[in-house]
Amino acid sequence: MKKLLVKALALAVCMSTLCLAGCGAKPDAPAPAPAAGNTSEGSSEFKTLESGKLIIGTNAEFPPFEYVGDDGEPDGFDMALIKAVGEKLGLEVEIQNMEFSSLVTAIGSKIDGAIAGMTVTEERLQTVDFSDPYYEAVQYVLVTSDSDIKSAEDLVGKNIGVQLGTTGNFIAEDDIEGATVNAYNKAVDAVNDLVNGKNDAVIVDKNPALVFESNFEGQVVALEGSQFGFENEQYAIALPKDSELTPAVNKALEELKADGTFDELVKKYIEEAE
Ligand code: ARG
């Protein structure tokens, strides 16, 4: 799968929204209270679907990047990362949990962007822009502990489980000859059907594969994608085309990497989960 990095477009910040927020206020009226989580930068700097808010879509079926926490809310590395980005931008982050395959088309109408362990692909770049990549990934193959599958040839003609609309789905359909591809809305359902014999293998990203391997200990084994010739992928935040948010998100990511926050989140959410 070919990957393409996004050229960030530096767009002028729209001053008119700043004026709208400030011009109506009486001279001695107190400044409007910033939205929760705001920093010094004003929330009216960016045009988003709801002023002062960054509505971000995810699919919380992808541990350790996103999963539903004990409190019923989406949690995980991506959630923590986007909240930190929102804070830098002075925007309150609201998460919308939806099907992975709906995320790209919802951007710009239902959500301001998406963070979902989403791989930068040429196809998606036709519809959205991506931030700078924040994580390198690769597809892995989950098989049952007693399976003989070891290489790409062994997958030919097999029943392969994937999550619908993911790069694992595209690989199974485009690159594996004669495979019967079973696509699920939740990757864990593909794993359940691996355990009960309906699938011979599941193609899913490395880190979730490792989490599933430990959650289904003794039943499933995660095989490295390099064994199957799978290429590395890059995760990035998907944003509307030509959005003023993209350079700002890139700057925030850069700052979070420089100040150590990013590495702390990797340690807390990714390294401890595996
Ligand atoms: N990296 C893969 C892709 O972009 C899978 C992502 C699935 N993410 C999720 N939150 N379910 O297609």
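One-based numbering, in listed order, for ligands and for the atoms of each.
- Below 3.5 Å of separation, one finds an N or O of Asp205 facing an N or O of ligand 1.
- Considering both main-chain and side-chain atoms, Gln139 never comes within under 3.5 Å of ligand 1 through any nitrogen or oxygen pair.
- With a heavy-atom cut-off of 4.0 Å, Lys186 does not touch ligand 1 at all.
- When side chains are defined from C-beta on, Gln96 does not count as touching Ile56, because their heavy atoms never get closer than 4.5 Å.
- Taking every heavy atom of Asn59 and a limit of under 4.0 angstrom, the matching atoms of ligand 1 come to 9 (C), 10 (N), 11 (N).
- Below 4.0 Å from some heavy atom of Ala116 lie the following atoms of ligand 1, by number and element: 6 (C), 7 (C), 8 (N), 9 (C), 10 (N).
- Taking every heavy atom of both residues into account, Asn199 and Ala190 meet most closely at ND2-O, 3.1 Å.
- Between Glu264 and Lys268 there is no salt bridge, since none of the side-chain N atoms of the basic residue sits less than 4.0 Å from a carboxylate O of the acidic one.
- Listed by atom number, the atoms of ligand 1 under 4.0 Å from Tyr235 heavy atoms are 1 (N).
- Only the side chain of Gln163 comes within 4.0 Å of ligand 1, judged by heavy-atom distances.
- The two residues Glu99 and Asn59 have their closest heavy-atom pair at CA-ND2, 3.8 Å.
- In terms of polar-atom proximity, defined here as any N/O pair under 3.5 Å, Glu66 does make such a contact with ligand 1.
- Applying the ring pair (Phe, Tyr, Trp, His ring centres under 6.0 Å) test to residues at least two apart or on different chains, none of the pairs has a partner in residues 178-219.
- Evaluated for a ring-ring contact (aromatic ring centres under 6.0 Å, His included) with Phe77, the options Phe262, Tyr235, Phe62 yield exactly one hit, Phe262.
- Not a single heavy atom of Ala137 sits under 4.0 Å from any atom of ligand 1.
- For ligand 1, the polar-atom distance check finds an N/O of Thr167 within less than 3.5 Å of one of the ligand's N/O atoms.
- In this structure, Met118 has a heavy atom closer than 4.0 Å to ligand 1.
- Under the 3.5 Å distance criterion, the side-chain polar atoms of Thr180 are left unmatched by any main-chain donor or acceptor of Asn159.
- Between Gly117 and ligand 1, at least one pair of N/O atoms sits closer than 3.5 Å.
- In the model, Asn97 has no side-chain atom that pairs as donor or acceptor with a side-chain atom of Glu73 under 3.5 Å.
- For an aromatic pair to be called close, the ring centres must be under 6.0 Å apart, and Tyr135 with Phe65 satisfies this.
- For Thr119, a nitrogen or oxygen atom sits less than 3.5 Å from a nitrogen or oxygen atom of ligand 1, counting backbone and side chain alike.
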